[in-house]
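All remarks here apply to the structure that follows.
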Amino acid sequence: MGDPATGTVTLHLTEPDPELPYKLAVPHASILPKGAPPKDAGTTPIPTTGPYTFASYDPNRALKMVRNPYFKQWSRDAQPEGYPDEIDETFGLTVESEVTAVENGQADWVFDPPPTDRLNEIGTKYASQAHVNPLTAFWYLAMNTNLAPFDNLKARQAVNWAVDRDAVVRQYGGQNLAAPVCTVLPPGFPGHVDTCDYTKGGGSTWKAPDLQKAKQLVQESGTAGAKIGVVVTDDEVNKSIGEYVQSMLNSIGYRATLKPISGNIQFTYIQNTKNKVQISLSSWYQDYPAASDFLDVLLSCASFHPGSDSSINISGFCDKKVDAQMQQALAAERTSMSKANTLWGQVDQAVMEQAPVAPLITPKLIDFTSKRTGNYQFSKQFYMLVSQLWVK
Amino acid sequence: MVSLAVFLLVVLACLLAPVFEHAVAHTDAFTSNISGTTVVDGRRVPVLTPSSTGLGLGVTPIGPTWDLHHYFLGADGQGRDVMARLLFGGRNSLLIGVLSAVIACGAATVLGVAAGYFGGVLDAVLSRLFDVVWAFPVYLLAISLSVVLLTSGLTVGPVHIEGDSLWLPILIIAVIYVPYVARPLRGQVLTLRGRDFIQAGVGNGASDLRILRKDVLPNVMPTVLVFLPLMTALNMLTESALSFLSIGVQPPNASWGTIINDGLGLLYTRPMVTLAPGLMIAVTAVALNLLGDGVRSALDPKARLRGAA
């Protein structure tokens, strides 16, 4: 309910939601005009607040943003005034061209992750222009728990034992750009506990794969020889990891094929059960810093919608016992966040026992900016703050 | 002769791929070896080397060592021996090129001769069919067929061909090139049909089958033989293009086109991954084209006379 007289908005909740401040602080909640359509507005932006306004936008060519003449900074922490007078984004270049453009001073920032064969060059010749930041995210293999062979627990565990997370780290760009993970909650994230159920020799951190154990589990599961399709996006890094996963699956006794598809559709394609995806490479980046944003969102029964493109529980994992644990952790958030995070840590371990996913790496983000830019600022939530860059 | 020798040398090298893989390089050309190591100058080094300078970003596959036992041409992004894959890739590229050329020329001979000899409705139907196939840009048709068949494979009656089978690119390439051979053959048969020796056969009551076997086929076979090496080169190039676009030979299998694709992401750091298969395609295609010219000169006395004049 809005009250123009006092300038306040009152929200009435049906039940307590300790994560509400987070939800209000991120684009999940945006202030919109009363008559805003409850659907995708296409290329005609809906008026909202902010220091910049769209001057022109062609989704195939470019976006030009200029200062919003109506914007007044009311809180520097919440929404600061921007430094550049104009922000131009050009679309359609290859990543190689983007990197070259920044190196030559023809552009100020590369939006996409730099290609792996340019990383060494960026890290040495242009080190002062590279900004590396850890992300609260994880890359993982989602295994369809409702489809053979991964409807078999031992088959899922075999993949977790077999996957060489160091190999994936190398394919992502090396240990300064990614680290191996064993759990759904990334290291340093609320609720994260250092445990590793699937590493050679045991321990709380990942050391090495155990192919012998994986092969044994495949044999015990009776799924050896099964045909498996590995669905990945067709960009260089994802395809390369996919090819490794295919090789790994073949080495433990399956017959895997690689299915690289366009990044424009892969994310929704792997969610829809109608596409009968057995295993896919996916990633999840925090919406806000709460364990539920990973575990509840990705692996609860409520997140599984068979036949829908919007079923973010890609594994189709629905375990009543684990689900009850999640509800318990959500309820605990109302009274004690610390107690809730302990419970979320237990949920994470319970999930990994069932192995619906194989966590691979937690990535870092590299921003490559031009020589003339300054005042680089990074937010864990919004990443590089474009509006805060200085340009000489 | 030189072209034939070069082509045979390439074929021989590719046929020896398993020997090179197991006895020389001691590697597996189809399994990722990302965390593996090898020996260079007596030192054990990782196949994929993480950067240790500056910010330490990126991982670079080992480059050419020029040592046949240890990554002679370096490694690709999966840590696999490029030389071993080059040889295995050549087997597939040549197999697809040769088999699709044989199928295309075989089908074209049957259809082109039938259309030219029997004429009438059969000729009209077959000729329009050729026109329809020919109306599509070759690569567009090949890409469309590949994209559709890759996902589900091809089922004809009781026969099912998997999406990752080599038979798929073989058949697709063969089908799209049938009109390229069939149309000239049809024209040649139309000319032959009016010639005296054919008419004499008809006048003597010889059956169509006998005329086709004894008079028509021996006259069109030299043309088919000339087409074979040329079509092999063309089909090999088409296969490479399809594989480069990831819709030909499927990983972990290799062809020269897939290896070029694998090397795309390494162009700045390890150009050999792309250059080596590119060079092999160029050498083989030139050899086959020269071989085709040679066969034509050998089988067509008039061409030899024209050349002498």
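Chain identifiers are assigned alphabetically (A, B, ...) following the order of the sequence lines, protein sequences preceding nucleic acid strands; residue numbering begins at 1 within each chain.
- Heavy-atom distances place both the backbone and the side chain of A/Glu243 under 4.5 Å from chain B.
- If you measure heavy-atom distances from B/Asn253 to chain A, you find no contacts under 4.5 Å at all.
- Counting heavy atoms from C-beta on, the side chains of A/Trp206 and A/Asp166 come closer than 4.5 Å.
- Listed options B/Pro50, B/Ser51, B/Ser35 were ranked by heavy-atom pairs under 4.5 angstrom with chain A; first place goes to B/Ser35.
- Interface residue B/Ser246: only side-chain heavy atoms are found under 4.5 Å from chain A.
- Within the 4.5 Å cutoff, the side chain of A/Thr369 has heavy atoms near those of the A/Met384 side chain.
- The distance between the ring centers of A/Phe368 and A/Trp109 does not fall below 6.0 angstrom.
- More than 12 non-hydrogen atoms from other residues, nucleotides or ligands lie less than 6.0 angstrom from NZ of A/Lys207.
- Neither the backbone nor the side chain of A/Lys125 comes within contact range of chain B; no heavy atoms are under 4.5 Å apart.
- Counting heavy-atom pairs closer than 4.5 Å to chain A, the top-ranked of the candidates B/Gly54, B/Pro251, B/Gly77, B/Gly163 is B/Pro251.
- Taking chain A as the reference chain and counting heavy-atom pairs below 4.5 Å, the highest number among B/Gln250, B/Glu162, B/Arg270 is found for B/Glu162.
- Only the side chain of A/Thr257 comes within contact range of chain B, with at least one heavy atom under 4.5 Å from a heavy atom of that chain.
- Counting heavy-atom pairs under 4.5 Å between each of A/Ala130, A/Gly174, A/Ala167 and chain B puts A/Ala167 at the top.
- Your options are B/Leu266, B/Val59, B/Asn33, B/Leu264, and the one with the most heavy-atom pairs under 4.5 Å with chain A is B/Val59.
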Exercise for the section: List the steps, then state whether side chain to side chain contact (heavy atoms under 4.5 Å, CB included) holds for A/Trp139 with A/Ile241. Expected result: CA-CA 11 Å; A/Trp139 284 41; A/Ile241 295 173; 3.9 Å; yes
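- Residue A/Val237: no heavy atom, backbone or side chain, is found under 4.5 Å from chain B.
- Residues B/Ile260 and B/Thr274 meet the side-chain proximity criterion, which asks for heavy atoms closer than 4.5 Å.
- For the set A/Glu96, A/Met248, A/Glu121, the entry with the most heavy-atom pairs within less than 4.5 Å of chain B is A/Glu96.
- At least one donor-acceptor pair under 3.5 Å links the side chain of A/Thr362 to the backbone N or O of A/Ala137.
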Practice task
Would you check, one step at a time, whether the test side chain to side chain donor-acceptor pair (under 3.5 Å) holds for B/Ser100 with B/Asn235?
Solution key: CA-CA 7 Å; B/Ser100 59; B/Asn235 293 0; 2.9 Å; yes
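- Heavy atoms of A/Asn120 lying under 4.5 Å from chain B belong to its backbone as well as its side chain.
- Residues A/Asn133 and A/Tyr376 are in side-chain contact: their nearest non-hydrogen atoms beyond the backbone lie under 4.5 Å apart.
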